[in-house]
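Worksheet: the structure to be examined is printed underneath.
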Amino acid sequence: MSIVVQKFGGSSVADAEKIHRAARRAIKTKLDGHQVVMTVSAMGKTTDKLVALANEVNPNPPRREMDMLLTTGEQVSISLMAMAIEASGHEAISFTGGQIGMLTDDSHTKARIHSIDAERIKRELDAGKIVIIAGFQGVTEHGAITTLGRGGSDTTAVALAAALKADSCEIYTDVDGVYTTDPRIVPQARKMDEITYDEMLELASLGAKVMHSRSIEFGKKYNVPIHVRSSLTDTKGTMIVAETTGMEGIVVRGVTLKRDLARVVLIGVPNKPGIAARIFAHVAKHKIVVDDIIQNVYDQGQVANISFTTSLGDAKEAVACGEELAKEIGFKQVELDENVAKVSIVGIGMKTHTGVAAQMFNALSEAKVNIQNINTSEIVISCLIDQKDGEHALQTLHAAFDLDK
Ligand code: ASP
Ligand code: MG
């Protein structure tokens, strides 16, 4: 019998009525002849509230205890979901991550899944039950409770689908799929029918807040087709798959804007072999994730300004790190620029089409957006721009690559 995994996010189980709606969806799938595994997130904003509460009690809460606290949210949802299904006259059973052997490593608050005991789940499915599993949580081999990082229920769902060799993995949410860009900035944004894992991974890392990145990596690794769709309607959402049907035709699939960036500029750095290596080894030691690196050489090649972008959250730490380096290596000054943003175009079709970069630069120039730096990979082209130009640039690119149509 085919197995379907259905994941319901926090907004889709926010109250009793919504829990019943999700339950009806699972029951209908079961009556259609499938075995159903559900995974649910904490109700509504529960996790945010628990995080706030923890910070009130201790501004620097131990990570192990954070996991202990946050996993309670999902435990509430699974038990209520099982009750809702039983209330409709069907059999259900709920499990925590630990109970189904969702084994993870021990990096509390961002654990990675090692294995899942699929047999335990299959026994319950074969007994005719809908099986409900707490999202976002696991357990270490020593029995400590862990979480997979914020938004991690998506990863639970895809990992379950992989372990159970499910026929499909449905992600129910409050939007009806994945969009060509953020509809709040570009009202012409359209829902995509399909997108590849690689494109989705890029969109997620470039700022599209649709799914937990790790879940897409899982999907790609185990080739689990993922269907992102609305919990309110029956319309088809977006399929995330290895290869899409109309792939050749579409060059740019989506555009993104990342605003929470900062640039740190190291001024007057000696332009000698080994200096960049020292700088970035030091940056890595501070665990700062670097995005773009830009180097300008001047004074007949004697000195350089080296800048790098990082997330706004890491900016202070990055400046502190730069100041240590200024002392150690002996350069003039460190500056922080918080007015940068990054617009990107993403599409598998770029691999086989030429002139895409020129088209992007052209569109930005016509829109009078100055490009400060350019970064490319096989399926992405990104431009660093002034933050005030961000929304305009996004709208411009969305139109320039015909994503409105
Ligand atoms: N409840 C967790 C969170 O809000 C996990 C999830 O929703 O996927 O991050
Ligand atoms: Mg949530």
Side-chain angles (χ1 to χ4, degrees), residues 5-15 18-19 21-22 25-26 37-55 61 63-82 94-100 102 104-105 107-113 116 132-139 145-162 169-175 177-178 200-201 203-205 207-219 224 226-232 237 240 260 313:
V5 174
Q6 299 184 328
K7 179 253 172 178
F8 293 86
S11 56
S12 305
V13 293
D15 55 36
K18 287 181 176 147
I19 289 174
R21 184 187 293 140
R25 171 103 48 191
V37 175
M38 297 175 91
T39 179
V40 290
S41 296
M43 294 170 70
K45 300 256 172 256
T46 302
T47 311
D48 290 338
K49 286 186 196 147
L50 290 173
V51 170
L53 187 58
N55 286 311
R63 298 225 277 222
R64 178 190 183 280
E65 303 311 327
M66 207 58 187
D67 281 349
M68 188 65 88
L69 177 69
L70 297 192
T71 48
T72 60
E74 271 69 15
Q75 200 169 331
V76 170
S77 303
I78 54 169
S79 49
L80 292 174
M81 187 61 74
S94 70
F95 290 114
T96 63
Q99 286 177 306
I100 50 125
M102 174 75 76
T104 71
D105 64 16
S107 5
H108 283 288
T109 74
K110 47 173 189 286
R112 298 182 84 107
I113 299 172
I116 299 174
I132 306 153
I133 289 160
F136 170 61
Q137 59 177 256
V139 68
I145 294 175
T146 54
T147 63
L148 310 178
R150 294 303 308 270
S153 299
D154 291 333
T155 299
T156 305
V158 180
L160 282 169
C169 180
E170 301 175 336
I171 306 288
Y172 287 94
T173 171
D174 54 357
V175 292
V178 182
M200 194 64 222
L201 274 170
L203 288 180
S205 78
K209 293 180 187 68
V210 192
M211 280 185 75
H212 201 228
S213 291
R214 190 83 51 77
S215 69
I216 315 292
E217 287 168 16
F218 246 103
V224 179
I226 303 169
H227 186 180
V228 182
R229 56 188 303 191
S230 164
S231 57
L232 301 174
I240 309 175
D260 49 356

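Atoms within each ligand, like the ligands themselves, are counted from 1 in listed order. The structure presented is a predicted model; accordingly, all values stated were derived computationally and were not measured.
Of the N or O atoms in Thr47, one or more lie within a sub-3.5 Å distance of an N or O in ligand 1. No N or O atom of Lys7 sits closer than 3.5 Å to an N or O atom of ligand 1. At a 3.5 angstrom cut-off on N or O pairs, Phe136 does not count as close to ligand 1.
The Ser153 neighbourhood of ligand 1 comprises atoms 5 (C), 6 (C), 8 (O), with distances under 4.0 Å to a heavy atom of that residue. Each of the atoms 1 (N), 2 (C), 5 (C) of ligand 1 lies under 4.0 Å from some heavy atom of Glu74. Set against the non-hydrogen atoms of Arg150, the atoms of ligand 1 under 4.0 Å away are 3 (C), 4 (O), 9 (O). When each atom of ligand 1 is checked for a heavy atom of Gly151 under 4.0 Å away, the hits are 3 (C), 5 (C), 6 (C), 8 (O), 9 (O).
Heavy atoms of His212 stay at 4.0 angstrom or farther from ligand 1. For Gly152, the closest heavy-atom approach to ligand 1 falls below 4.0 Å.
Inter-residue side-chain proximity for Thr155 and Phe218 is flagged as met; some heavy-atom pair is nearer than 4.5 Å. Using a 4.5 Å cut-off on side-chain heavy atoms (C-beta onward), Leu160 and Thr39 make contact. Proximity of Met211 to Ile171: side-chain heavy atoms (C-beta onward) are separated by under 4.5 Å at one or more points.
Other residues, nucleotides and ligands place no more than 12 heavy atoms under 6.0 Å from the CD atom of Gln75.
In summary, Asp15 and Arg21 do not engage in a salt bridge, as defined by a charged side-chain N under 4.0 Å from a carboxylate O.
Each of Arg25, His227, Lys7, Gln6 was scored for a side chain to side chain donor-acceptor pair (under 3.5 Å) with Glu170, with one residue passing: Gln6.
Counting only N and O atoms by type, the side chains of Thr146 and Thr104 include a donor and acceptor under 3.5 Å apart.
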